[in-house]
Structures are given as C-alpha cells and as structure tokens.
Amino acid sequence: MARKQVLLNAFNMNCVGHINHGLWAHPRDRSSDYHSLDYWTELAQLLERGLFDGLFLADIVGVYDVYEGNVDLTLRESIQLPVNDPLMLVSAMAASTRHLGFGVTANLSYEAPYLFARRLSTLDHLSRGRIGWNIVTGYLDSAARAMGRPGQVEHDRRYDQADEYLDVLYKLWESSWADDAVIGDRERRVYARPERVRPVHHNGEFYQVEGYHLTEPSPQRTPVLFQAGASARGLRFAGQHAECVFIMGQDRNSVRKQVSAIRQAAQAAGRDPEAIKVFMGITVVVGATEQHAKEKHAEYLRYASPEAGLAHYAASTGIDLSRYGPDEPIRAQKTNAIESAAKALTHGGDWTVRRILEQNALGGRYPALVGSPSAVAEQMLDWVDDTGLDGFNLTRTVTPESYEDFIRWVMPELQNRGRYKTAYAQGSLRHKLFGAGSRLPVQHPGAAHRFV
Ligand SMILES: Cc1cc2nc3c(=O)[nH]c(=O)nc-3n(C[C@H](O)[C@H](O)[C@H](O)COP(=O)(O)O)c2cc1C
C-alpha cells in the first residue's frame with residue numbers, strides 16, 4: 001500500500017504566548033505583533049508559499065487562574081492572555097491567499113447557534129470554502145463566571161449540549177436552503193425561489209430555534225469539523241461529528257491506541273473509519289545540520305518559561321500545581337476541566353512538578369523534534385507510519401522563524417521522499433483534505449439534513 005502523504009497545519013493563536021511559553025521574550029520573536037493585521041496576512045502568505053494545508057487557530061474564553069489561584073503569572077508571561085478573537089482574522093488572511101485552509105476554534109457554550117451559523121457561513125463564502133471549525137465547549141470556570149454563571153456545565157453534559165448544538169447547525173447549514181434556491185434572475189425579478197428556502201424547526205433540551213438560515217448556500221455549507229476531545233464522552237462526540245481530530249501525544253504506543261480508538265468511534269457511529277484525519281501536535285527545532293539545530297534549541301531554552309507551561313497545564317487539568325512540592329506525586333482529583341489531561345497527569349502516580357518542568361523545557365508539553373532536516377523528516381514519517389496518524393499541527397517557537405525554518409529545511413525532505421505535496425489541489429478545504437467534493441460525505445450525520 002502506498003504510504004500516506006502527510007498533512008500539515010501551522011498551530012497558532014491570536015495572542016502572544018500560545019504553547020511554548022516564554023519565547024515571546026526572544027529578540028527575534030514577533031508574536032507581540034499579534035494585534036496587527038500585517039502580522040497575520042504575512043504569516044498566511046508564508047504558510048501558503050510553504051504549501052501548508054492549513055492554519056489552525058486555537059482560542060480560549062476565560063483566563064488561566066488555577067495556578068496559585070490568580071492570573072499574575074498568566075499576565076506576566078502572557079499565557080494566552082491577552083487574547084483576541086480568531087474569527088476576525090480569517091477574511092483578511094483569505095484575501096491574501098488562495099489555497100490555505102483555516103481551522104478556527106470557537107467555543108459553543110456561550111453563543112446562540114443561529115448567530116454562529118451565519119458567521120461561519122459568511123467566512124465560508126469569503127474564503128471560498130476554506131473554513132474549518134474546531135468545536136470546543138471550554139474547560140475554564142473563569143469563563144463561566146464571566147458569562148454570569150456559577151460554574152461550567154458538568155463535563156459530559158457539555159458534550160450533550162454540543163451534540164444538540166451541532167444538530168441545530170446542520171439544520172441551518174444543510175437544510176434551510178436548497179442548492180438551487182438562488183437563481184439571481186433579473187428579468188423575472190427572482191433572486192431566491194421561495195419554494196426552495198424553508199425555516200428550521202428545532203425544539204430540544206438546550207435550544208429552541210424557529211427560523212431561516214440567514215446566509216445563502218456557501219461552498220462547503222458545513223465547515224470542516226475539527227475536534228480535540230479525548231475522554232470517553234469526547235471520543236463518542238468525535239466519532240459522530242469530527243472530520244479532523246487533534247490529539248496530544250507523547251509516545252507512539254499511546255498515540256497508536258488513540259488513533260485506533262478515534263477510528264473505531266467513527267465506525268461505531270456508522271462512518272468510514274478513515275473519514276477522520278488525525279493530527280498530532282509537535283514542536284520542531286531544525287537547522288542546516290544537527291549541530292545548528294542543537295545550538296538553536298539551546299538558545300531558545302534560555303528564553304523559555306517552563307513555569308508558565310506549568311501554569312497552562314494547571315488550567316488544562318483544573319489542578320493547582322503550585323501546591324505541590326517538586327517531587328510530590330500529583331494526586332488524582334475530580335475536576336471539571338479537560339478530563340483526559342487530568343487523567344494523564346494523575347495516572348500511575350509518577351508525575352511530579354519537577355518532571356513536568358523538565359518536559360516543559362521549551363515552555364510547552366508537545367513533543368519536540370530537534371535535529372537536522374533529514375532527521376526531523378524521518379522522525380515525522382516514523383510517527384505517521386507507526387501510529388496511523390494523518391499529520392501534524394506544528395506549534396510555533398520563535399515566530400515566524402520556526403515556520404520559516406520548517407519550510408526551508410523540512411518540507412523539501414518530506415517532498416523528496418514523496419510524502420508531501422509539491423502543489424496545492426484545487427477546491428475547497430474539505431475537497432483538498434478528502435478529495436471527494438466540498439460537501440459533507442453522505443455517511444456524516446449532518447448530510448442527512450440536506451434539502452433535496
Ligand atoms: C491538542 C488540543 C488542543 C485543544 N485546543 C483547545 C482550544 O484551543 N480551546 C479550547 O477551549 N479547548 C481546547 N482543547 C480542549 C478540547 O477542546 C476539549 O475541551 C478537551 O480536550 C476535552 O477533552 P476531554 O474530552 O478529554 O475532556 C484542546 C485539547 C487538545 C487535546
């Protein structure tokens with residue numbers, strides 16, 4: 001069997017400190033220009049010149065106030081605070097590129113589906129079918145309090161609510177307007193045919209919606225659906241809805257298991273197991289030679305903040321890691337944050353703050369590949385071939401330098417091995433990823449809602 005072509009997203013966020021914390025202080029880092037549009041349009045153009053499949057933008061609603069019970073370190077190190085709205089970036093970046101896809105994170109917990117459906121349809125039009133949505137429900141109590149609620153909805157219930165939210169969105173995106181609703185006939189004075197547009201009726205546990213989708217059919221209708229939940233309930237949700245799943249992994253055995261569990265979840269939901277593309281987050285530090293890469297890595301380490309990484313991890317797990325001595329095992333406790341992250345930290349009893357800080361040497365927890373161009377490419381391909389992954393979300397270190405280095409050094413190595421494209425395919429993001437048109441495949445639950 002021909003070996004897979006690797007898929008690649010740049011992983012970023014509309015903020016200063018994203019994953020590899022502390023590197024904003026590096027003299028060559030430009031992440032503090034995140035509030036300028038040029039920063040984003042230049043980045044999008046760079047990624048498109050480098051043939052990246054997409055730019056994946058994380059987002060968070062709320063602040064990281066778990067570590068030491070306050071936001072002091074969060075502010076000092078700019079740990080995803082301040083953070084601007086990611087959706088607002090897409091139209092400018094779409095205008096300055098032709099092919100790059102955009103996977104944008106948006107939290108559904110605090111927003112009416114009717115309005116959100118229109119915003120994404122608008123971006124699907126403006127980007128000509130290049131928009132994807134990373135479905136998140138949030139994991140921070142600080143967000144719930146900011147939205148006037150005592151705390152978050154309980155973990156599994158958040159997924160129940162998300163299921164229903166998606167159901168409403170499918171109705172709006174897929175069923176309100178028929179493909180042939182808009183004819184724009186000037187002579188007959190018919191822009192849209194009334195008999196081919198219908199309202200949505202939804203009366204559920206969380207949402208009641210009576211109304212017409214406000215947007216005429218966009219290229220993909222439903223944006224490409226990304227998701228990142230890894231708990232049992234999260235996997236069930238992914239199996240049902242996700243087209244791309246983003247995972248965190250440290251070792252090949254557990255990643256192989258995660259990939260296979262995701263494919264099984266798709267199958268259990270009546271879908272093709274290969275209908276989900278699985279991406280793993282990685283960090284790459286590369287130079288012309290292994291020696292150059294090691295020197296660059298050592299230079300980056302001088303600016304990184306492992307403690308800021310620890311504070312980020314505390315918020316992800318809901319566990320205040322500042323309360324632990326350096327060698328004290330982290331104890332299991334029930335939290336309402338990211339269940340899989342909390343379990344990974346407390347499982348087996350061998351994680352300590354000292355070990356997390358070592359793992360976070362570059363300021364973040366993603367596996368770091370440091371080496372010559374060919375060594376990095378080989379390691380990436382080994383991950384794919386050994387685990388069944390489809391591709392990677394590449395974190396930034398010093399930005400945009402780390403993307404430039406990757407494009408200059410690693411892309412050609414992947415291409416020379418026949419494992420990365422040398423030109424973009426035409427068409428929408430969904431078509432580029434799956435090669436089967438712009439619309440949801442028929443097995444996907446959203447497709448059942450189509451107005452035919
Ligand atoms: C790699 C990765 C990236 C994530 N990015 C975000 C994000 O940008 N914003 C967010 O609110 N949640 C993010 N999450 C959290 C997930 O959306 C989800 O809430 C969490 O993984 C729940 O997982 P669980 O099912 O294990 O509880 C991310 C999770 C992972 C594993």
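Fair warning: this is a prediction, and the values are worked out from it, not measured in the lab. Positions are given from 1 along the sequence.
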Over all heavy atoms of both residues, which pair between Met380 and Val410 is shortest? Give the atoms and the distance, please.
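Of all heavy-atom pairs spanning Met380 and Val410, the closest is SD-CG1, 4.1 Å.
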
Check the pair Arg263, Asp390 against salt bridge (charged side-chain N to carboxylate O under 4.0 Å, His left out), reporting the backbone distance first and the verdict last.
CA-CA 12 Å; Arg263 303 212 186 286; Asp390 295 286; 2.9 Å; yes

Derivation of the ring-ring contact (aromatic ring centres under 6.0 Å, His included) call for Tyr39 and Tyr34:
CA-CA 6 Å; Tyr39 171 85; Tyr34 74 100; 7.7 Å; no

With sequence neighbours left out, what residues match Ala344 under side-chain contact (heavy atoms from CB on, under 4.5 Å)?
none

Could you please spell out the steps behind the side chain to side chain donor-acceptor pair (under 3.5 Å) verdict for Tyr300 and Glu401?
CA-CA 12 Å; Tyr300 288 0; Glu401 176 171 298; 2.5 Å; yes

Hey, is Lys4 close enough to Asp386 for a salt bridge, meaning N to O under 4.0 Å?
no

Do Arg198 and Tyr212 form a cation-pi contact, if we require the NZ or CZ to be under 6.0 Å from the six-membered ring centre and within 45 degrees of the ring's axis?
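Relative to the ring axis of Tyr212, which defines the angle, Arg198 lies outside at least one limit.
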
Residues forming a side chain to side chain donor-acceptor pair (under 3.5 Å) with Ser254, sequence neighbours excluded
Asp251

His444 vs Arg271, side chain to side chain contact (heavy atoms under 4.5 Å, CB included): CA-CA, chis, key distance, verdict:
CA-CA 7 Å; His444 191 283; Arg271 299 169 63 203; 3.7 Å; yes

Are side-chain N/O atoms of Thr41 and Ser96 paired as donor and acceptor at under 3.5 Å?
no

Determine, stepwise, if the pair His213 / Ser121 fulfils side chain to side chain donor-acceptor pair (under 3.5 Å).
CA-CA 10 Å; His213 188 37; Ser121 294; 2.8 Å; yes

Can Arg430 and Glu243 be said to form a salt bridge (charged side-chain N to carboxylate O under 4.0 Å, His left out), step by step?
CA-CA 9 Å; Arg430 181 172 286 112; Glu243 300 178 272; 2.8 Å; yes

Does a salt bridge link Asp53 with Lys432, judged by any charged N lying under 4.0 Å from a carboxylate O?
no

Please evaluate residues His21 and Glu77 with respect to the criterion side chain to side chain donor-acceptor pair (under 3.5 Å), reporting the C-alpha separation (whole Å), side-chain torsions for both, the decisive distance (0.1 Å), and the verdict.
CA-CA 7 Å; His21 294 291; Glu77 284 290 351; over 6 Å; no

Can you name the residues that form a ring-ring contact (aromatic ring centres under 6.0 Å, His included) with Phe392, not counting sequence neighbours?
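So Phe392 forms no ring-ring contact (aromatic ring centres under 6.0 Å, His included) with any residue.
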
Please name the pair of heavy atoms, one in Leu389 and one in Val255, separated by the smallest distance, quoted to 0.1 Å.
CG-CG1, 4.0 Å

Does the Thr74 side chain pair with the main chain of Asn70, one donor and one acceptor, at a distance under 3.5 Å?
no

Do NZ/NE/NH1/NH2 and the carboxylate oxygens of Glu299 and Arg28 come within less than 4.0 Å?
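Judged by the 4.0 Å cut-off on N to carboxylate O distance, Glu299 and Arg28 do form a salt bridge.
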
Let me have the donor-acceptor pairs involving side chains of residues 445-452, under 3.5 Å, with sequence neighbours excluded, atom names and distances please.
from	atom 1	to	atom 2	distance (Å)
His449	NE2	Asp167	OD1	3.4
Arg450	NH2	Leu440	O	2.5

Quick one: which of Asp59, Asn134, Asn14 gives a side-chain hydrogen bond (donor to acceptor under 3.5 Å, both in side chains) with Thr105?
Asn134

Contacts of Ser322 that satisfy side chain to side chain donor-acceptor pair (under 3.5 Å) - sequence neighbours left out:
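Expected list: Asp320.
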
Please collect all salt bridge (charged side-chain N to carboxylate O under 4.0 Å, His left out) contacts where either partner lies in residues 117-127, sequence neighbours excluded, each pair once.
Glu111-Arg119

Results of side chain to side chain donor-acceptor pair (under 3.5 Å) for Arg331 - residues two or more places apart only:
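Arg331 satisfies side chain to side chain donor-acceptor pair (under 3.5 Å) with Glu328 once adjacent residues are dropped.
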
Note: Leu394 and Tyr403 closest approach over all heavy atoms is O-CE2, 3.8 Å

Asp29 versus Thr399, closest heavy-atom pair with distance
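Reported closest heavy-atom pair: OD1-N, 2.8 Å.
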
Tell me if a side-chain donor or acceptor on Arg158 pairs with a main-chain N or O of Gly138 at a distance below 3.5 Å.
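Between the backbone of Gly138 and the side chain of Arg158 there is a qualifying donor-acceptor contact (under 3.5 Å).
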
Can you spot which of Phe102, Phe246, Phe56, Trp133 makes a ring pair (Phe, Tyr, Trp, His ring centres under 6.0 Å) with Phe226?
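That would be Phe56.
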
Full working for side chain to side chain donor-acceptor pair (under 3.5 Å) between Glu307 and Tyr67
CA-CA 10 Å; Glu307 193 192 5; Tyr67 189 74; 2.8 Å; yes

Any chance the side chains of Tyr159 and Glu154 put a donor and an acceptor closer than 3.5 Å?
no

Atom pairs and distances, side-chain donor-acceptor, residues 80-88, under 3.5 Å, sequence neighbours left out:
from	atom 1	to	atom 2	distance (Å)
Gln80	OE1	Tyr64	OH	2.5
Gln80	NE2	His18	O	2.9
Asp85	OD1	Leu87	N	2.8

Quick one: sort the Trp173 and Phe116 rings into parallel, tilted or perpendicular, breaks at 30° and 60°.
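Judged by the thresholds at 30° and 60°, the geometry between Trp173 and Phe116 is tilted.
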
ring-ring contact (aromatic ring centres under 6.0 Å, His included) with Trp177: which residues, sequence neighbours excluded?
none

Please report the C-alpha distance between Tyr139 and His155 in whole Å, then the side-chain angles of each, then the deciding distance to 0.1 Å, and finally whether the ring-ring contact (aromatic ring centres under 6.0 Å, His included) criterion is met.
CA-CA 8 Å; Tyr139 53 87; His155 179 270; over 10 Å; no

Just to verify, what does Ser109 make a side-chain contact (heavy atoms from CB on, under 4.5 Å) with, not counting sequence neighbours?
Asn107, Thr137

Return yes if some donor-acceptor pair links the side-chain N/O of Arg130 with the main-chain N/O of Ala94 below 3.5 Å, else return no.
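Yes, because the side chain of Arg130 sits within donor-acceptor range (under 3.5 Å) of the backbone of Ala94.
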
Is the side chain of Gln333 donor-acceptor paired with the backbone N or O of Ile319 at a distance under 3.5 Å, no angle test?
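Flag not set: sc Gln333 to bb Ile319 has no pair under 3.5 Å.
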
Go through the steps to decide whether Tyr207 and His202 satisfy the test ring-ring contact (aromatic ring centres under 6.0 Å, His included), and finish with yes or no.
CA-CA 7 Å; Tyr207 301 101; His202 180 91; 7.2 Å; no

Ignoring hydrogens and angles, tell me if any N or O in the side chain of Asn20 forms a donor-acceptor pair with the backbone of Arg396 under 3.5 Å.
yes

Looking at Thr395, is its backbone amide N or carbonyl O close enough to the side chain of Thr283 to form a donor-acceptor pair, meaning the two atoms are under 3.5 Å apart?
no

Electrostatic pair Lys334-Glu339, nearest N-O below 4.0 angstrom
no

Return the set of residues passing side-chain contact (heavy atoms from CB on, under 4.5 Å) with Asp163 (not counting sequence neighbours), or none when no residue passes.
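Only Arg233, Phe237, His241 meet the side-chain contact (heavy atoms from CB on, under 4.5 Å) criterion with Asp163.
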
Identify whether the distance between the nearest side-chain nitrogen and carboxylate oxygen of Arg439 and Asp179 falls below 4.0 Å.
yes

Partner residues of Arg354 under the side-chain contact (heavy atoms from CB on, under 4.5 Å) criterion, sequence neighbours left out
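Testing Arg354 for side-chain contact (heavy atoms from CB on, under 4.5 Å), a comparison that skips the adjacent residues, returns Pro326, Asp327, Thr352, Glu358.
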
Would you say that Leu7 contacts Phe279 through its side chain, given a criterion of any heavy-atom pair below 4.5 Å between the two side chains?
yes

